[in-house]
Amino acid sequence: NSLQQSIGQIQKGIPTPQIEEIKKITNSIPAEEVNDKAIAAFYYDNPKAGLLMLLETTAKDPDEINMMNNLAAMFNL
């Protein structure tokens with residue numbers, strides 16, 4: 001699907017250890033917390049990591065409208 005394609009594209013620009021850390025985060029904390037961390041990373045210090053966090057979480061739960069909305073906002077910037 002298109003989310004998986006986007007994940008693959010974003011991962012190309014992120015070092016492997018950071019990708020592994022992002023996967024640990026997205027697999028270990030609730031989606032709402034990932035959402036908050038992703039937004040903070042995107043706007044304050046690491047936009048690629050923030051985008052990947054939100055992509056990973058949204059791919060797991062595409063019906064979560066708030067995360068999908070935040071993801072769309074990131075893509076529009």
Side-chain angles (χ1 to χ4, degrees):
N1 72 35
S2 61
L3 286 176
Q4 292 300 328
Q5 289 175 339
S6 295
I7 288 169
Q9 290 173 341
I10 295 295
Q11 284 179 338
K12 291 178 185 176
I14 299 174
T16 301
Q18 190 175 13
I19 292 171
E20 291 170 1
E21 182 62 29
I22 290 168
K23 287 184 180 187
K24 285 181 191 174
I25 291 169
T26 60
N27 290 326
S28 65
I29 62 174
E32 295 80 20
E33 287 183 46
V34 174
N35 185 54
D36 293 344
K37 286 183 177 293
I39 291 169
F42 184 83
Y43 285 109
Y44 294 111
D45 64 351
N46 195 338
K48 287 181 183 177
L51 186 55
L52 182 57
M53 276 190 256
L54 206 50
L55 279 166
E56 291 275 358
T57 305
T58 303
K60 292 177 190 169
D61 189 6
D63 294 329
E64 175 55 55
I65 195 75
N66 188 42
M67 285 187 293
M68 188 65 79
N69 185 50
N70 288 334
L71 183 60
M74 286 180 182
F75 276 123
N76 281 319
L77 293 177

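Sequence positions, counted from 1, serve as the residue numbers for this chain. In this text the structure is predicted, and so the values were computed from the model without any measurement.
Taking CD of Q5 as the reference point, atom CG of L3 lies at 9.5 Å (rounded to 0.5 Å). Atom OG1 in T57 sits 9.5 Å away from atom CD1 in I25 (nearest 0.5 Å).
Under the rule for a side-chain contact (heavy atoms from CB on, under 4.5 Å), the partners of N66 that lie at least two apart in sequence or sit in another chain are N35, E64, N70. Every side-chain contact (heavy atoms from CB on, under 4.5 Å) that P15 has, sequence neighbours left out, goes to P17, Q18. In this structure F75 satisfies the side-chain contact (heavy atoms from CB on, under 4.5 Å) test together with S6, L51, L55, L71, sequence neighbours excluded.
Here the side chains of L77 and Y43 are in contact, with some heavy-atom distance below 4.5 Å.
When all heavy atoms are compared, the tightest approach of M67 to T58 is CB-OG1, 3.8 Å. Shortest non-hydrogen contact noted between Q4 and A59 is NE2-CB, 3.7 Å. Residues I14 and A49 come closest through the heavy atom pair CD1-N, 4.1 Å. When all heavy atoms are compared, the tightest approach of T26 to M53 is CG2-O, 3.7 Å.
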Can E56 and Q11 be said to form a side-chain contact (heavy atoms from CB on, under 4.5 Å), step by step? CA-CA 11 Å; E56 291 275 358; Q11 284 179 338; 3.6 Å; yes
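I65 is not connected to M74 by any chain of hydrophobic side-chain contacts under 4.5 Å among Ile, Leu, Val, Met, Phe, Trp and Tyr, and they are in different clusters.
Counting non-hydrogen atoms of other residues, nucleotides and ligands closer than 6.0 Å to NZ of K23 gives a total of 12 or fewer.
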